[in-house]
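Starting from 1, each residue takes its place in the sequence as its number.
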Amino acid sequence: MQAFLVDSSIYIFRSYFTLPENWRSSVTGHPTNAVYGFTQFMLDFLIKKQPKYMFCAFDESLHSGFRHQLCDDYKSNRELPNEELAFQLNACRQLCRVLGVSQMASDKYEADDLIGSMTCVAKDAGVQPVIISRDKDLLQLIDDDTLYWDLGKAQPKVQRQIEKELDIGCGQMADYLALVGDQSDSIVGVSGIGAKTARQLLNYFPNVEAILDHLDQLQDLPIRGAKKLATRLSGCTDQIKLSKTLATIVKDVPDMPILNEISWVGVQVQAFELFAQEMGFGDVFDGRIASLKQRPDLMHSGMIEPGRETA
């Protein structure tokens, strides 16, 4: 049995930047191209896999998460979503509810943290997590029991395959980013240490803490520029530790769902029809909806109220 854990933003932004604005909300007039692409993605996945367990993680912590409290510069290169994008992100969360798929966002923790924590929930329940993403940060979660799936490119990958490509252990990814930095998240690396040197260091030591504890041994390593490594690293010890903290995915977010709460419960057909009309999609998805597991209409129970976003 597997639990599919989706890094939703990856697939929403792919549609946002690649699809034309051919669809608009009938209520607000906002473009809904990202919602259209995410709807295609979700329906195709549900039809193909008919999952027992599925969980979609969303990001709502930009500039408000705990990492920003630790470092003012963290993700300082990212802008908050404008009104049109914010509308589409909220609509994608509403789509998940209509499709009967568990979804979650947090103003303190990032989607990666939610996936990391849900990975632990699934493993503790004896179910294999399958992380669906193309974000390299999530590779640190991969182990013997967890798969990584860059959907659309290849089949899910196991730890051995990924580590062969990375030339470091999956569990060393945060250490690697602490050394080389991560420009996309404004995480600072060590000046003068590039990808090759970082990998070589992590082939000799398990983590950055061990490297910093053995600075006196670095000059003897068969690494180009080894004699200067101790000086480079000793001058930014605190920065390295902070960068690792920023790059490390949290695996114990409080109040996560239990496994049964991420069971796929089926599509609410009438609710989806209303959602599709509001998003300007018409009946283009009706054929795919008809082929999915369905549940009794809940429109009149107060569970779904079209046109409104709930927490």
**Prompt:** Any chance CD of Gln50 has more than 12 other-residue heavy atoms, nucleotides or ligands included, within less than 6.0 Å?
**Reply:** yes

**Request:** Measure from the side-chain N and O atoms of Gln140 to the backbone N and O of Asp137, and report whether any donor-acceptor pair falls under 3.5 Å.
**Result:** yes

**Asked** Under 4.5 Å between side-chain heavy atoms, hopping through other hydrophobics if needed: is there a path connecting Leu43 to Val265?
**Response** no

**Request:** Report yes if the distance between the aromatic ring centroids of Tyr53 and Phe4 is under 6.0 Å, otherwise no.
**Result:** no

**Message:** With a 4.0 Å cut-off on N to O distance, would you call Glu209 and Lys241 a salt bridge?
**Reply:** no

**Message:** Just so I know, are the side chains of Lys157 and Leu147 near enough to count as touching, which here means a heavy-atom distance under 4.5 Å?
**Reply:** no

**Message:** Under a 3.5 Å distance rule, please check whether Asp73 uses its side chain to pair with a backbone N or O of Ser76 as donor and acceptor.
**Reply:** no

**Request:** Can you spot which of Lys49, Lys52, Gln128 makes a side chain to side chain donor-acceptor pair (under 3.5 Å) with Gln2?
**Result:** Gln128

**Message:** Ignoring hydrogens, what is the shortest heavy-atom contact between Ala230 and Leu215? Give both atom names and the distance.
**Reply:** CB-O, 3.6 Å

**Message:** For Asp182 and Asp185: C-alpha separation, side-chain torsions, deciding distance, then whether side chain to side chain contact (heavy atoms under 4.5 Å, CB included) applies.
**Reply:** CA-CA 6 Å; Asp182 187 348; Asp185 289 342; 3.5 Å; yes

**Message:** I need the minimum non-hydrogen distance between Pro257 and Glu261, along with the two atoms involved.
**Reply:** CA-OE1, 3.1 Å

**Item:** Stepwise side chain to side chain contact (heavy atoms under 4.5 Å, CB included) test for Leu151 and Tyr11
**Value:** CA-CA 10 Å; Leu151 197 64; Tyr11 303 97; 3.9 Å; yes

**Item:** Taking every non-hydrogen atom, the tightest pair across Tyr148 and Ile142
**Value:** CB-CD1, 3.5 Å

**Prompt:** Got Glu273 and Gln277 here, is their nearest side-chain heavy-atom distance under 4.5 Å?
**Reply:** no

**Asked** Near Gln183 CD, under 6.0 Å, is it more than 12 heavy atoms from other residues, nucleotides or ligands?
**Response** no

**Message:** Is it the case that over 12 heavy atoms from other parts of the model lie below 6.0 angstrom from the NZ atom of Lys293?
**Reply:** yes

**Item:** Side-chain touch Arg199/Gln172, heavy atoms, less than 4.5 angstrom
**Value:** no

**Message:** Checking side-chain polar atoms at under 3.5 Å, does Ser263 have a donor or acceptor matched by the opposite partner on Asn260?
**Reply:** no

**Prompt:** Just wondering, do Met54 and Met42 contact through their side chains at under 4.5 Å, heavy atoms?
**Reply:** yes

**Request:** May I have the step-by-step check of side chain to side chain contact (heavy atoms under 4.5 Å, CB included) for Val208 and Leu201, ending in yes or no?
**Result:** CA-CA 9 Å; Val208 292; Leu201 283 169; over 6 Å; no

**Item:** Side-chain donor or acceptor of Ser234 paired with backbone N/O of Thr231 under 3.5 Å
**Value:** yes

**Item:** 4.5 Å side-chain heavy-atom contact, Leu292 and Trp264
**Value:** yes

**Prompt:** Do the non-hydrogen side-chain atoms of Ile211 and Leu202 ever get within less than 4.5 Å of each other?
**Reply:** yes

**Prompt:** Can you hop from Leu212 to Val190 via hydrophobic side chains spaced under 4.5 Å?
**Reply:** yes

**Lys251: which of Leu141, Asp113, Thr119 passes side-chain contact (heavy atoms from CB on, under 4.5 Å)** = Leu141

**Request:** Could you tell me whether Glu83 atom CD has more than 12 heavy atoms of other residues or ligands within 6.0 Å of it?
**Result:** no

**Item:** Salt-bridge contact Asp150-Arg134 (side-chain N to carboxylate O under 4.0 Å)
**Value:** yes

**Ile132 vs Asp7 side-chain heavy atoms within contact, under 4.5 Å** = no

**Item:** Glu60 and Arg93 ion-paired at < 4.0 Å
**Value:** yes

**Asked** Less than 6.0 Å separating the ring centroids of Phe281 and Tyr36?
**Response** yes

**Request:** Give the cluster check for Phe55 versus Trp149: same hydrophobic cluster or not, with ILVMFWY residues linked at side-chain heavy-atom distances below 4.5 Å.
**Result:** no

**Fill in**
All heavy atoms of Met279 vs all of Thr32, minimum pair found to be O-OG1, 2.8 Å

**Nearest heavy atoms of Pro156 and Gln161, plus distance in Å** = O-OE1, 4.1 Å

**Prompt:** What do you reckon, is CG of Asp216 surrounded by more than 12 foreign heavy atoms closer than 6.0 Å?
**Reply:** yes

**Item:** Pair Glu163 + Arg160: basic N to acidic O under 4.0 Å
**Value:** no

**Prompt:** Side chains of Phe272 and Gln268: closer than 4.5 Å at any heavy-atom pair?
**Reply:** no

**Prompt:** Do you know the tightest heavy-atom contact between Gly189 and Gln239?
**Reply:** O-NE2, 2.6 Å

**Message:** Under the criterion side chain to side chain contact (heavy atoms under 4.5 Å, CB included), I'd like the reasoning laid out for His30 against Arg24: C-alpha separation, chi angles, the key distance, then a yes or no.
**Reply:** CA-CA 5 Å; His30 289 121; Arg24 290 186 176 272; 5.8 Å; no

**Prompt:** Is there a donor-acceptor pair closer than 3.5 Å between any side-chain N or O of Asn207 and the backbone N or O of Ala210?
**Reply:** yes

**Request:** Going by the side-chain contact (heavy atoms from CB on, under 4.5 Å) test, name the single residue among Leu46, Val6, Ile10 that passes it with Phe41.
**Result:** Val6

**Message:** Quiz question: by atom type and distance under 3.5 Å, do the side chains of Asn33 and Gln88 form a donor-acceptor pair?
**Reply:** yes

**Asked** For the hydrophobic clusters of this structure (ILVMFWY residues joined by side-chain heavy atoms under 4.5 Å, transitively), does one cluster hold both Leu242 and Met173?
**Response** yes

**Asked** Has Lys123 got more than 12 heavy atoms of other residues, nucleotides or ligands less than 6.0 Å from its NZ?
**Response** yes

**Message:** Does either side chain, that of Asp107 or that of Ser61, offer a donor lying less than 3.5 Å from an acceptor on the other one?
**Reply:** no

**Request:** Please check if Val101 and Ile258 belong to a single hydrophobic cluster, counting links between Ile, Leu, Val, Met, Phe, Trp and Tyr side chain heavy atoms closer than 4.5 Å.
**Result:** no

**Prompt:** Would you say the side-chain atoms of Asp59 pair up with the backbone N or O of Ala111, donor to acceptor, closer than 3.5 Å?
**Reply:** yes

